[in-house]
Amino acid sequence: MSAPDATPKRASHRLAETAHQNDSARVKAGMRAFISDFGPTAAIFMEACVHCGQCAEACQFYVETGDPRYTPIHKIEPFKQAYEREAGPFALLFRALGLAPRVTLEELNQWQDLLYDSCNMCGRCSLICPMGIDIADLVEKARHGMFEAGLVPPDYLGAIAEKERSTGSPFEITQEHFRQTLLEIGKKYGVEMHVDEEKADVVPTVSSIDIKMFPASMAAMARVLNHIGVSWSFRTDGFDADNVSLVAGDRKGQRAVTEAIVAAAIHCKAKTLIMPECGHSYTEMRWEAANSVGKRLPFRVLHISEYLAECISDGSLKVNRVSQSCTFNDPCQISRRSGASAAPRAVLSALGADLREMPDGGDMNWCCGGGGGVALIGRAQALRDKAFQIKMRQVEATGADTVYVSCSGCRQTLEHGGKKFQWNKTVGSLLELVSDNLATIERVLP
Amino acid sequence: MTLLDFARGPALYWSVLILIGGLVWRLSGVLFLPFQRNLATPRGGGIEPVYGAISTIFSRMLPHREFWHRTAVGGMLGYAFHIGLLVIVVGGAAHVAVIKSATGLSWTPLPKGIIALVSGMTFTVLIIVLIRRLMHPVLRLLSNFDDYASLVLTIFPVLTGILLAGETFGSFGLLLAIHILSVTALMIWLPFGKLAHTVFVFFGRGALGANFARKGAAK
Amino acid sequence: MPERMLGEELALHKISRRKLLKFATAMAASLALHPSMAAAIAENLAKARRQSVIWISGQECTGCLETITRSASPTLESLIFDFISLDYQSVLMAAAGEAADRTLREAAAANKGNYLLAIDGSLSIKDGGVYSMTGGRSDLQILREFAGNAKAILAIGTCAAYGGIPKAAPNPTGAAGIEDVIGDKPIVNIPGCPPIPEVLTGVLVNFLSFGRLPDLDEQKRPLAYFGTTIHDQCYRRPFYDQGKFAKSFDDEGARQGWCLFELGCKGPITQNACASLKWNGGTSFPIQSGHGCLGCAEPDFWDKGSFYTSLAGGQGPGWKDIAIASGAGLAAGTAAAIAARRSRSAIDQSIEHERKTKSGTET
Amino acid sequence: MTTIFRAKESIGEPVSDGPAAAMADALLSELGDLLHRFLDTGEHGRIDLFKLPISPTDLLHFKDRLGRGEVSILVEAAGGSEIYETAYAGLWWVEHRDELGRVIARLIEVADAPSIVLAHRKDLEATAKTLIRSEESA
């Protein structure tokens, strides 16, 4: 685990606040956060479960450990109990007959590792459920409750979520700091950088992991956009899409991050907002942002892989062919959860790469093990390593030497895992691969 | 009033009302929760969510290929007793007569021998399902009163039906009464426990199918 | 009157022992006794003495009497009337009014403690029994008076046994069976609407030849006749076991003589001897003539739904009741949803309030 | 010994042409047992056909199957009784009718001769008395 600057100096906002609350107040806050965005869909999901246990077979934590506690639907058990008691159609009966006892803070605390350490919110279980329950969605709602009850694993997830809420960036990167970083990157990589332009058709965002660990990816972004020749600009008033708050369960922080980016994009009249190689930030911006700000977004939201595929398709992006065998690791949030698994394949195909699909690849891909904020929980390291075995087997099966990813979270997890288990595979970024193989084209200037 | 009169009269009458009233209660209590309009631009707009909802209702009848090898046992057991129950309920001569008297619809029942065979197999499978629920670590962890009650209440009508068809002990009237009462017990429990999945399975799959189709995601 | 043994009396009537043996053979078959018992029955009958029978009536239609006397046409069965002395039967006797009343009292006094009391019809017990009275006295009073000195009581027909059709809902007269009123006397119930005449004959023959009532089941019915269901004795039973059912009264199954279960036959839950003894001297019985059993020998048969509803079904609610239940469910569900909405908006407000006050203090 | 056969007992047996044939087989084997007992002990055997759950057509088939032997007896006692030996010696078909011609008993008797055919001791005594009286008067 890196992110050296992320050492928590103080407990997260909510944790600090809950320190002065009694248990029942914390539970109450948790429950109300859980049920307060319940609509018919989530309620149907709560009602439909038949306890068939099949979801366990889709979950890498159960598959690799055999521990029944990791059964996905079991992870929301206390919240199910709370729902039946407080918001279900028979809530009155449940309360009157004492069928669902009040959930205690102790119980919630016991469930902390199930809801955080052992769930990537990867959504494989949502695809196996014979009743069609979107369990990943319920886990997300349960995390809202856990956050409000002050039960986010503090080390490091809670700590950096708190920073994100108070500063807009999980690593406390200020606007000025970001501006300087961008300009330095432009200079270092010799690429023309566009920052805070008043008007831009295309606004790219970054993941804070990129700033800390993969600055080349930002250079790649700039180089590709320059190549395509659109009017584009980074916005320092809305750049960090990472949204650690989302995985921590902090809805306020989540909304703050989203609102800043939406406002920045609107400010420069963007037509397209590009999400970086990052998972949860995409689902947030693509599917939740409009609901968070309460209106339809006046611009498109595209993942960088989608944007690349689109530009290749319309001819504005031309790439050289690489003759290389590789495999592609689908980020759960982009592929399975958002239906964009075709885009990276179109890009790799345009590059002429010899793509060898992993078994269980594409929409059924196993999570790298770091998703859903699990990579940010220190104590989850051992569990994460176990789940990582699946990923290694998957990649081994392809025989490819290089794994391309389109998510910095996956990239970081694969690199760390590879190092730890002395794995001879190379991990590469799809964006950087494209940036490195741009065709030199003669643009016909008007 | 004999036990049979009670079974055929008040027990049947009230259990049907409780079944229907309870299901409507549970469904409306869920469906009338505030519906939030989704403002995100759909990837698959128009009728795609509708298509997704309907197609998922059917496509989830079979697991995705990637899950087969891990869910084969549970899946086949589930299929075995669901199909068995369906065959018994719509194929048994006496059941056809009940359906006809209740709805006016009628069809040719299956031969008694086939129903007997299917009943025996269904009963066996249900017992295996019960044992598996008690043994399998995941199922044992998940199981609560509802799970066992629902399973036992499903086994009872099958068992009493077999005893009735074979006229094994007591009088036909007593066996018939017990059989009908076991069905009424099932009907009374159905709306309140997990047996309500008879309805919610369509809503669950439909909701997920619509949402995922909207996102263009795998269903 | 000098007491003669029946054998001597029969000889006077030129009734040979061969005739008696033939009758006994028929009776043994009817009583489900082993055929070899026929000789014993014949011997005992010959030695027996005439039995006094007093027959009174409650709320009845005379159908039971009709069916019993029908068997008393000049047949072998009529022998039974040589064995008994029917000392009082208001319909059959020549006397009427006070004369008939006197006959009744005299017969009861003369055979005190030894007569059999036969009753057809149910007893009205509501409002002091005013709905059925004879000579200013209710049936209940008459029954109580004569039951005390009877050797045993024969409740003839479903009405006497269980209340029958007079007891059918809403039972305006408070009709009840004999058993509901008389608790301290041996009672034989011979239900059926009407009962099978051979059963009465069989009970009397049993009483005369063995000096006791036949074995009874828990509903006090003679086991020999009511020990099995009509279903178990039915010649169409194999079709039931094969699952071959007539679906309507005029389909191919009906023509083939298949089981009438689905057409509402109550044979499986009706205990009676129709399928074996049959009616009209063994000619036929309802199922043989193509109609399901109505279950007339069972309690409350009139109130068990349509005769044409299959036993498999029952009296489920109608569409209107279902609509009401759905409405109630809808109301409850909507109320639950509204409650959830309310508590939610209260939550949202409190969260909003919290946020405002917090941002207020922070700035 | 059971005299009542329930169709149920015939179910499940391999039958060539339906349950009626199975019932006939069962009856024949029962008659075989009774015949053995009669040979051993002299006890008359009887099977009551009256209460059997058997359709009129099936009964006719069974009757045909038993066939008809050498002896036929007509008893006129309060109605006719048809008695004949079946094709199987010692198995007697006995059908009692009342004065209206309705069947009141139907059985198969296993004996050297059906008991009703034999004159009864009491009747013999009465006859003897009558004959002595008529002799005296003559």
Side-chain angles (χ1 to χ4, degrees), chain A residues 37-54 56-58 62-63 66-69 71 73-74 87-91 93 126-134 137 286-291 294-297 300-301 335-341 359-360 362-364, chain B residues 25-41 43-44 56-57 60-61 63-67 70-71 74-75 78 133 136-144 146-147 150 192 194-197 200-212 214-219:
Chain A
D37 51 359
F38 247 63
T41 308
I44 284 169
F45 292 154
M46 294 304 260
E47 301 287 351
C49 181
V50 293
H51 283 173
C52 71
Q54 294 210 357
E57 308 297 344
Y62 171 75
V63 166
D67 185 342
R69 286 181 77 238
T71 304
I73 199 71
H74 178 65
F90 298 130
L93 291 181
S126 304
L127 287 191
I128 203 173
C129 176
M131 294 296 129
I133 302 170
D134 190 354
D137 180 55
R286 180 71 180 84
W287 304 116
E288 297 306 326
N291 299 321
K295 60 179 184 218
R296 289 189 184 281
L297 302 181
R300 300 188 303 157
V301 179
S335 297
R336 176 164 46 248
R337 302 290 287 168
S338 300
S341 41
D360 298 348
D363 292 332
M364 290 297 156
Chain B
W25 177 352
R26 188 156 172 186
L27 262 180
S28 53
V30 165
L31 296 179
F32 292 158
L33 287 173
F35 184 83
Q36 280 153 345
R37 214 165 138 235
N38 194 341
L39 296 168
T41 313
R43 193 188 299 281
T56 306
I57 287 174
R60 279 288 165 104
M61 291 174 78
H64 290 279
R65 188 174 43 76
E66 290 82 352
F67 299 132
R70 291 196 67 91
T71 60
R133 191 164 276 284
H136 193 287
V138 168
L139 293 174
R140 202 171 52 195
L141 177 73
L142 291 180
S143 298
N144 52 23
D146 178 17
D147 293 296
S150 299
F192 304 100
K194 71 167 183 176
L195 292 173
H197 76 275
F200 279 102
V201 64
F202 302 108
F203 288 91
R205 289 178 186 177
L208 179 137
N211 274 356
F212 283 24
R214 204 168 183 281
K215 295 179 180 178
K219 301 186 291 282

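Here is how names work: the chains are called A, B, and so on, in the same order as the sequence lines, proteins then strands, and each is numbered from 1. Here the structure is a predicted model, which means the values were calculated and not measured.
- For B:P63, no part sits under 4.5 Å from any heavy atom of chain A, backbone or side chain.
- With a threshold of 4.5 angstrom between heavy atoms, A:V63 approaches chain B through its backbone and through its side chain.
- When side chains are defined from C-beta on, A:P40 does not count as touching B:F32, because their heavy atoms never get closer than 4.5 Å.
- Looking at A:S341, there are no atoms closer than 4.5 Å to chain B (heavy atoms on both sides), in backbone or side chain.
- Note that CZ of B:F202 is 9.5 Å distant from CE of A:M131, once rounded to the nearest 0.5 Å.
- Contacts of A:C129 with chain B are made by both backbone and side-chain atoms, with heavy-atom separations under 4.5 Å.
- Of the listed residues (A:C49, A:C52, A:G88, A:G362), the greatest number of heavy-atom pairs within a distance under 4.5 Å of chain B belongs to A:C52.
- Of the atoms belonging to A:M364, it is side-chain heavy atoms, and not backbone ones, that fall under 4.5 Å from chain B.
- The candidate from A:E47, A:K295, A:Q54 with the greatest count of non-hydrogen atom pairs under 4.5 Å with chain B is A:E47.
- With a 4.5 Å cut-off on non-hydrogen atoms, A:R337 touches chain B through its backbone and its side chain both.
- Residue-environment remark: CZ (B:R65) stays at or below the threshold of 12 foreign heavy atoms within 6.0 Å.
- Classification of the B:W25-A:F90 ring pair by plane angle, with boundaries at 30° and 60°, yields perpendicular.
- A:D134 CG to B:F212 CZ: the interatomic distance, rounded to the nearest 0.5 Å, is 4.0 Å.
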- Yes or no on side-chain contact (heavy atoms from CB on, under 4.5 Å) for B:L139 and A:H51, after CA distance, side-chain angles and deciding distance? CA-CA 7 Å; B:L139 293 174; A:H51 283 173; 5.9 Å; no
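- Residue contact with chain B, scored on non-hydrogen atoms closer than 4.5 Å, is absent for A:A91.
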- Test log, rule side-chain contact (heavy atoms from CB on, under 4.5 Å), inputs B:K215 and A:W287: CA-CA 8 Å; B:K215 295 179 180 178; A:W287 304 116; 3.5 Å; yes
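- Nearest heavy atoms, B:R43 versus A:A340: NH2-CB, 3.8 Å.
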- Given the rule in the side-chain contact (heavy atoms from CB on, under 4.5 Å) test, do B:L142 and A:I73 qualify, once you have shown the distances and angles that lead to the verdict? CA-CA 8 Å; B:L142 291 180; A:I73 199 71; 3.8 Å; yes
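- Highest contact tally toward chain B, considering only A:R69, A:E57, A:R336, is held by A:E57 [criterion: heavy-atom pairs under 4.5 Å].
- Among A:A290, A:A87, A:S338, A:G66, the residue with the largest count of heavy-atom pairs under 4.5 Å with chain B is A:S338.
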- Verdict with supporting geometry, A:L297 and B:L39, side-chain contact (heavy atoms from CB on, under 4.5 Å): CA-CA 8 Å; A:L297 302 181; B:L39 296 168; over 6 Å; no
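- For chain A, the nearby parts of B:T71 are the backbone and the side chain; heavy atoms of each come within less than 4.5 Å.
- Within the 4.5 angstrom heavy-atom criterion, only side-chain atoms of B:R133, from C-beta onward, approach chain A.
- Between chain B and the options A:T41, A:V301, A:I128, heavy-atom pairs under 4.5 Å are most frequent for A:I128.
- Shown here for B:R26 and A:P89, the closest heavy-atom pair between the two residues is O-CG, 3.6 Å.
- Only the side chain of B:D147 comes within contact range of chain A, with at least one heavy atom under 4.5 Å from a heavy atom of that chain.
- Here the straight-line distance linking atom CE of A:M46 with atom CZ of B:F200 works out to 12.5 Å at 0.5 Å rounding.
- Between chain B and the residues A:D363, A:N291, A:D360, A:T71, the largest count of heavy-atom pairs under 4.5 Å involves A:N291.
- Contacts between A:R286 and chain B at a heavy-atom distance below 4.5 Å involve backbone atoms as well as side-chain atoms.
- Using a 4.5 Å cut-off between heavy atoms, B:N211 touches chain A through its side chain atoms alone.
- In this structure, CZ in B:F203 is found 6.5 Å from CD1 in A:I44, a value given to the nearest 0.5 Å.
- Of the two parts of A:A58, the backbone and the side chain both hold a non-hydrogen atom closer than 4.5 Å to a non-hydrogen atom of chain B.
- Side-chain contact between B:R205 and A:I133 is absent, with no heavy-atom pair separated by less than 4.5 Å.
- With rounding to the nearest 0.5 angstrom, the OG atom of A:S126 is 14.5 Å from the NZ atom of B:K219.
- For the set B:A40, B:S28, B:G29, the count of heavy-atom pairs under 4.5 angstrom toward chain A peaks at B:A40.
- B:R60 contributes no side-chain N or O that, together with a main-chain N or O of A:P130, makes up a donor-acceptor pair within less than 3.5 Å.
- Contact of the B:L208 side chain with the A:F45 side chain is registered, since non-hydrogen atoms from C-beta on lie closer than 4.5 Å.
- For the set B:N144, B:L141, B:L195, the entry with the most heavy-atom pairs within less than 4.5 Å of chain A is B:L141.
- Within the 4.5 Å cutoff, the side chain of A:L127 has heavy atoms near those of the B:H64 side chain.
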